[in-house]
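Shown next, in structure tokens, is the structure this report addresses.
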Amino acid sequence: MAVLEVNFMAETLGRTVPLYVVLPTDKVYFPGMPKREEGKPFKTLYLLHGVIGNYTDWLYGTRIQRWAQDQNLAVVMPSGDNFFYLDQPWNCNMYGEFIGRELVEFTRRSFPLSRRREDTFIGGLSMGGFGAMRNGLKYHETFGSIISLSGAFILNESILIKAENPRFPSESEEFKHTCFGPDLREALNSDRNPSVLVEQLVKENAEFPDIYIACGDQDGLLDSNKEFSALLEHHHINHTFEVGPGSHEWDFWDTYIKRALEWLPLEGKEEGISSGNVGLEGTKKHS
């Protein structure tokens, strides 16, 4: 598995930004083992980190490298700072357009990635789960599937309540206005809110991406995830919602990103042996 650190000038953000790219391009093939078609582009998952994290989180917090190489999946992990992957023209940070358009265009130019909607996925955890859902719906013509783990669906009526003693940056008034805009009520009713996007796409009779949502049974965000799932259910939007043991923690995300990859329309587990001898048992079939 090739792991590449990339820095490129993002026009939408006005600066150079870092990201990790995982590419399963270094597999070994034994005699009789099925080979990947020459030049066949990779299905791709754009994977977003949570608040106070960065582009390294998924690689070091989970076994995403192992899970991806086993499935012949390319994974792109950008940095989104603490801004919920939303466009913020008041700060000259167009994170939504960066994730939904520019990042996809840049990585497709730079790497052997599929350009097909059905091969292009977006996912994330916590803040990244929110960002994946919002941008996956906003750019539904680009992304065929959305994965949200412990999604921070905090852009609801509770966003208008001032926290007396904020424990996390996302609870402070300064943070909320920086992320969502000077008028929180306006943000609540705009397409920055995934729930509003659901209603808009239903009215437009748009084709929804496939949606996978998971949250821990001890996670403080469980209720908001249930509410979002109920909204999808209300509109008869096909999706998978799972609640499993755990809280807002890496053990849960490591387990459920694997489950999410098993849910995605992936293939190629029989194609080659990965670094670290992943899949070596498959050689017995072809020896």
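The first residue of the sequence shown is numbered 1, and numbering continues consecutively from there.
Among all heavy-atom pairs drawn from S114 and R108, the shortest one is O-NE, 3.4 Å. Considering all non-hydrogen atoms of both residues, A214 and F252 come closest at C-CZ, 4.0 Å. Residues V22 and L59 approach most closely at CG2-CD1, 4.2 Å, considering heavy atoms. For T178 against W90, the heavy-atom pair with the smallest separation is O-NE1, 3.1 Å. Y85 approaches I99 most closely through the heavy-atom pair CD2-CG1, 3.7 Å. A pairwise comparison of heavy atoms in R185 and D183 identifies N-OD1, 3.1 Å as the closest pair.
In this structure, a donor-acceptor pair under 3.5 Å is absent between the side chains of T12 and E97. No hydrogens or angles considered: a donor-acceptor pair under 3.5 Å links the side chains of D81 and Y95. For the 3.5 Å distance criterion, the side chains of R15 and N93 qualify, holding a donor opposite an acceptor. Using modelled atom types and a 3.5 Å distance limit, the side chains of S150 and W253 yield a donor-acceptor pair. Under 3.5 Å, the side chains of T120 and R115 contain no donor-acceptor pair of N or O atoms.
Listed for the W58 side chain is a donor-acceptor partner under 3.5 Å among the backbone atoms of L48. Without hydrogens or angle criteria, S110 side chain to T107 main chain gives no donor-acceptor distance under 3.5 Å. Counting only distance, with no hydrogens or angles, the side chain of N135 and the backbone of G131 share a donor-acceptor pair below 3.5 Å. Using modelled atom types, no side-chain atom of N54 and backbone atom of S79 make a donor-acceptor pair closer than 3.5 Å. Of the possible polar contacts, one joining the K43 side chain to the P265 backbone as a donor-acceptor pair under 3.5 Å is found. Judged by distance alone, the side chain of K138 and the main-chain N or O of G96 form no donor-acceptor pair under 3.5 Å.
Remark: aromatic rings of F130 and F84 are close, center separation under 6.0 Å.
Note that the CG atom of L231 and the CD1 atom of I237 stand 6.5 Å from one another [nearest 0.5 Å]. In this structure, CG on L47 lies 5.0 Å from CG on L45, to the nearest 0.5 angstrom. Note that the CD atom of E204 and the CG atom of L201 stand 5.5 Å from one another [nearest 0.5 Å]. A distance of 10.0 Å separates CD in E242 from CG in L149, rounded to the nearest 0.5 Å. Separation of atoms CD1 (I64) and CG (D57) is listed at 13.0 Å; rounding is to 0.5 Å. Distance check, rounded to the nearest 0.5 Å: CZ of F228 to CG of L221 gives 13.5 Å.
Within 6.0 Å of the CG atom in N7, the count of heavy atoms belonging to other residues, nucleotides or ligands exceeds 12. Within a 6.0 Å sphere centred on CD of E11, other residues, nucleotides and ligands contribute 12 heavy atoms or fewer.
Listed by first then second residue, pairs satisfying ring pair (Phe, Tyr, Trp, His ring centres under 6.0 Å) with a partner in residues 96-127 read F8-F106, not counting sequence neighbours. Each salt bridge (charged side-chain N to carboxylate O under 4.0 Å, His left out) pair with one or both residues in residues 205-222, not counting sequence neighbours, appears once here: R117-E207. Among pairs with a residue in residues 139-149, none fulfils salt bridge (charged side-chain N to carboxylate O under 4.0 Å, His left out), at least two apart in sequence or across chains. Listed by first and then second residue, the salt bridge (charged side-chain N to carboxylate O under 4.0 Å, His left out) pairs that reach into residues 231-241 come to none, sequence neighbours excluded.
Salt bridge R192/D87: absent, no basic N to carboxylate O contact under 4.0 Å. The pair E173-K176 meets the salt-bridge criterion, with a side-chain N (NZ, NE, NH1 or NH2) lying under 4.0 Å from an Asp/Glu carboxylate O. Between K203 and E199 there is no salt bridge, since no side-chain N of the basic residue sits under 4.0 Å from a carboxylate O of the acidic one.
The hydrophobic cluster containing M94 does not contain Y139, counting ILVMFWY residues as joined when their side-chain heavy atoms lie under 4.5 angstrom apart, directly or transitively. By the criterion of side-chain heavy atoms lying less than 4.5 angstrom apart, applied directly or through intervening Ile, Leu, Val, Met, Phe, Trp or Tyr residues, V196 is not grouped with L184; the two fall into different hydrophobic clusters. By the criterion of side-chain heavy atoms lying less than 4.5 angstrom apart, applied directly or through intervening Ile, Leu, Val, Met, Phe, Trp or Tyr residues, V6 is not grouped with M9; the two fall into different hydrophobic clusters.
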side-chain contact (heavy atoms from CB on, under 4.5 Å) between F83 and Q88: does it pass, once the steps are laid out?
CA-CA 8 Å; F83 297 137; Q88 299 161 345; 3.2 Å; yes

I would like to know whether F175 and V51 meet side-chain contact (heavy atoms from CB on, under 4.5 Å); could you show each step before the answer?
CA-CA 11 Å; F175 184 94; V51 73; 4.1 Å; yes

Take S148 and F153, measure what side-chain contact (heavy atoms from CB on, under 4.5 Å) needs, and give me the verdict at the end.
CA-CA 10 Å; S148 176; F153 299 117; 3.6 Å; yes

Tell me, with the steps shown, if T240 and I211 meet side-chain contact (heavy atoms from CB on, under 4.5 Å).
CA-CA 6 Å; T240 297; I211 297 174; over 6 Å; no

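Checking each of I159, L155, L160 against E157 for a side chain to side chain contact (heavy atoms under 4.5 Å, CB included) leaves exactly one that passes, namely L160.
Looking at F241 and K226, their side chains come closer than 4.5 Å, going by heavy atoms from C-beta outward. I213 is not listed as a side-chain neighbour of I147, based on a closest heavy-atom distance of 4.5 Å or more. The shortest distance between side-chain heavy atoms of V198 and H235 falls below 4.5 Å. Residues I146 and H239 form no side-chain contact, since every pair of their non-hydrogen atoms from C-beta on lies 4.5 Å or further apart. Side-chain contact between P41 and L113 is absent, with no heavy atoms from C-beta onward closer than 4.5 Å. L73 is not listed as a side-chain neighbour of W67, based on a closest heavy-atom distance of 4.5 Å or more. With contacts defined as side-chain heavy-atom distances shorter than 4.5 Å, the pair V202/F208 qualifies. Considering only heavy atoms from C-beta on, V76 comes within 4.5 Å of L103 through its side chain.
Using the six-membered ring where Trp is involved, W263 and Y212 have ring planes that are tilted, between 30° and 60° apart.
Take F42 and apply the ring pair (Phe, Tyr, Trp, His ring centres under 6.0 Å) test, not counting sequence neighbours, and it matches no residue. Residues passing the ring pair (Phe, Tyr, Trp, His ring centres under 6.0 Å) test with F143: none are found, sequence neighbours excluded.
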